[in-house]
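Here's the structure, in structure tokens; my notes come after.
The analysis underlying the following values was restricted to heavy atoms, covering all of them including side chains, and did not include hydrogens, waters or symmetry mates.
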Amino acid sequence: MTATKTISKLTKADAAQRCKVYELTGELVDEAKARKVAAMFEAALGKNGVAAEGHEPYPDPSLYSAAGVLETVESPYRRLFIAELDGEIVGGIIADSLHELACEFNCMAVDRAYRGLGIGSILVEGAKRVINDCFFFSNITEMVTHNLASQTAHIKHGYNRFLGFGYSHYPNVFFVDRPESVVWAGQLHGRFAKELPNLRGRIGNLDKLSDSELTETLIRESRQVVGKASESEQQLATALVKPRFVYVPDEYESLGRDILAQYAEHLDYRVNEKSENADRSDHFEVDFKPDYAHTYIDFGSGFDIHANAKTVKEKINEVKNAPGKRFIRATIKANHSSAIEIANFLRKEGFVFHSILPLYQYENQANGASHRFHDLLVLQWVCPEAAAKNPLPGETNSVIKVYGYPANLTGKIISLIRSELNSSC
């Protein structure tokens, strides 16, 4: 019996029972196995990541060679999870580090010969199970929108907190003439994340407690999780249960509340409420990414946009006028009230809403004794010519498919983006 005939007789129930997912570590991989993993990614994405003639390659060349796979496995910033069915490697997914307490799922792929068996869902569930074995971790993932299969696989296993939409962000991997857009979604992992919903109900109002009092309260009320945690983990728990103040322009406030309300059972977000935020940073970084059509800009907490307006405008125009550039993503620390001024400046430069990303950036100070997360307000600029050729969902010629659109939060996100794009024309 040929392999093709064997595959054709498999059912989803067979795959669910016989497929196993595990993290590929240095102890489990040699060059021969790495070659099989690379062959699976090419079977899924095309030779060297090119799906068909005229398409741009999937932007991760490490996937298509044994040396690249071995490098990925050895990297402290990447984790590779493999789906294996009856001894054959049939799928894989990578978790890329955002910082030491957060990751994003990336490069999920299933051998085309095994598609339709629910392997993607099995992969996400298995990777989630492994990542959950920790004290606390955040996952914020970009889900492709050329079809609903990948989105559904993630959403089925809890990646259903919709945070934003990146419009025409990635290369023309899936279509010759259209770049890929992505839906951003998140989920919290780990023992403390599981404990938080019940814990928040027991500890009540935290505003009047000092950090030391709060830590003692957490240890007392969560003896099995916080009580048995390391000192650094206890300090992390203390930082996470405190109120988190987020600032967005008035036009984003309603949507911002809706996005952050998805985390209400875990985190106490307060939108546009007054709080102390005296820190100021001169940090302003442009990650040009010369080999790609996208560029990333990052603003420091409390960045003074008025004092630096000329410099920022010049850098933005430099990117906009660079050959082949069609997308800019600007990340702003939303926990400082200056986020509103920065966002409004960018909107005048043609930027529109992108997302609100909880806990997306992080600073670990004093050997773990001080934990500082940054929630981000993100805006995006899309080249008008690219937007015109890649209609948003709901338009006749759109190839973008968004889970739940237009009935749920994804609809509100895209409606805001559409209205801002129309007003800037």
Test ring-ring contact (aromatic ring centres under 6.0 Å, His included) applied to Phe41 - qualifying residues, sequence neighbours left out: none
Where do Phe284 and Val312 land on the side-chain contact (heavy atoms from CB on, under 4.5 Å) test, with the steps shown first? CA-CA 8 Å; Phe284 170 64; Val312 174; 3.9 Å; yes
Qualifying salt bridge (charged side-chain N to carboxylate O under 4.0 Å, His left out) pairs, either residue in residues 346-358, two or more places apart: Glu251-Arg347, Lys313-Glu349, Arg347-Glu420
Tell me which pairs pass salt bridge (charged side-chain N to carboxylate O under 4.0 Å, His left out) where either residue lies in residues 172-194, with sequence neighbours left out. Asp133-Arg191
With sequence neighbours left out, what residues match Tyr58 under ring-ring contact (aromatic ring centres under 6.0 Å, His included)? none
Evaluate the side-chain proximity of Arg372 to Ser301: yes if any heavy-atom separation is below 4.5 Å, no if none is. yes
How long is the span from the CG atom in Asp111 to the OH atom in Tyr114, to the nearest 0.5 Å? 6.5 Å
Using the side-chain hydrogen bond (donor to acceptor under 3.5 Å, both in side chains) rule, collect all pairs that involve residues 88-101, keeping only residues at least two apart or in two chains. Arg78-Asp96, Asp96-Asn106, Glu100-Asn364
When the side chains of residues 136-145 are checked against the rest of the protein, which donor-acceptor pairs come out under 3.5 Å, sequence neighbours left out?
unit_1: Asn139; atom_1: OD1; unit_2: Thr141; atom_2: OG1; d: 2.6
unit_1: Thr141; atom_1: OG1; unit_2: Phe105; atom_2: N; d: 2.8
unit_1: Glu142; atom_1: OE1; unit_2: Tyr170; atom_2: OH; d: 2.7
unit_1: Glu142; atom_1: OE2; unit_2: Tyr170; atom_2: OH; d: 3.3
unit_1: Thr145; atom_1: OG1; unit_2: Ser181; atom_2: O; d: 2.9

Contact summary for Ala15 and Leu117, nearest pair of heavy atoms: CB-O, 3.6 Å
Partners passing ring-ring contact (aromatic ring centres under 6.0 Å, His included) against His169 (at least two apart in sequence or in another chain): His294, Tyr296, Phe327
Can you pull the side-chain hydrogen bond (donor to acceptor under 3.5 Å, both in side chains) pairs that have at least one residue in residues 379-407, sequence neighbours excluded? Ser168-Asn390
How about Lys128 and His189: do any of their side-chain heavy atoms sit closer than 4.5 Å? yes
For the CG atom of Leu379 and the CZ atom of Phe353, what is their distance to the nearest 0.5 Å? 8.0 Å
Report yes or no: do Ser419 and Asn422 form a side-chain donor-acceptor pair below 3.5 Å? no
Among residues at least two apart in sequence or on other chains, which ones pass ring-ring contact (aromatic ring centres under 6.0 Å, His included) with His283? none
Steps toward side-chain contact (heavy atoms from CB on, under 4.5 Å) verdict (Val226, Phe192): CA-CA 7 Å; Val226 181; Phe192 186 61; 3.6 Å; yes
Salt bridge (charged side-chain N to carboxylate O under 4.0 Å, His left out) involving Lys33 - partner list, sequence neighbours excluded: Glu84
Side chains of Glu363 and His371: donor-acceptor distance under 3.5 Å anywhere? no
Could you walk me through whether Val130 and Asn132 pass side-chain contact (heavy atoms from CB on, under 4.5 Å), step by step? CA-CA 5 Å; Val130 176; Asn132 263 332; over 6 Å; no
Test item: side-chain donor near acceptor, Ser222 and Glu195, under 3.5 Å: yes
I'd like to check the salt bridge (charged side-chain N to carboxylate O under 4.0 Å, His left out) partners of Lys274; sequence neighbours left out, ordered by chain and number. none
Grab the two heavy atoms, one from Asp287 and one from Thr295, that are nearest each other, plus how far apart they are. O-CG2, 3.3 Å
Inter- and intrachain pairs under salt bridge (charged side-chain N to carboxylate O under 4.0 Å, His left out), touching residues 318-340, at least two apart: Asp298-Lys333
Gap between atom CG of Leu359 and atom NE2 of His266 - 0.5 Å precision: 11.0 Å
Minimal heavy-atom distance between Ile413 and Gly164, with the atoms involved, is CD1-N, 3.8 Å
To the nearest 0.5 Å, atom CD1 of Ile89 lies from atom NZ of Lys36 at 6.5 Å
Only one of Tyr269, Tyr263, Tyr247 passes side-chain hydrogen bond (donor to acceptor under 3.5 Å, both in side chains) with Asp375; say which it is. Tyr269
How far does CD1 of Ile94 sit from OG1 of Thr72, to the nearest 0.5 angstrom? 5.0 Å
Within the 4.5 Å heavy-atom criterion, are Phe351 and Ile328 side-chain neighbours or not? yes
In Å, rounded to the nearest 0.5 Å, how long is the span from CG of Leu101 to CG of Leu236? 5.5 Å
Shortest non-hydrogen contact from Arg112 toward Leu45: NH2-C, 3.7 Å
Taking all atoms of both residues into account, what is the closest heavy-atom pair of Ile400 and Pro393, and its distance? CG2-CG, 3.6 Å
Are Lys242 and Asp268 within salt-bridge range, i.e. N to O under 4.0 Å? no
Using ring centroids (six-membered ring only for Trp), state whether Tyr22 and Phe81 fall under 6.0 Å. no
Quick one about Glu27 and Thr25 (side-chain donor to acceptor, distance below 3.5 Å, no hydrogens or angles considered), yes or no? yes
Please determine whether side-chain contact (heavy atoms from CB on, under 4.5 Å) holds for the pair Asn272 and Phe245, giving the CA-CA distance in whole Å, both sets of side-chain angles, and the decisive distance to 0.1 Å. CA-CA 7 Å; Asn272 289 352; Phe245 295 86; over 6 Å; no
Here the pair of heavy atoms bringing Val29 nearest to Ala34 is CG2-N, 3.9 Å
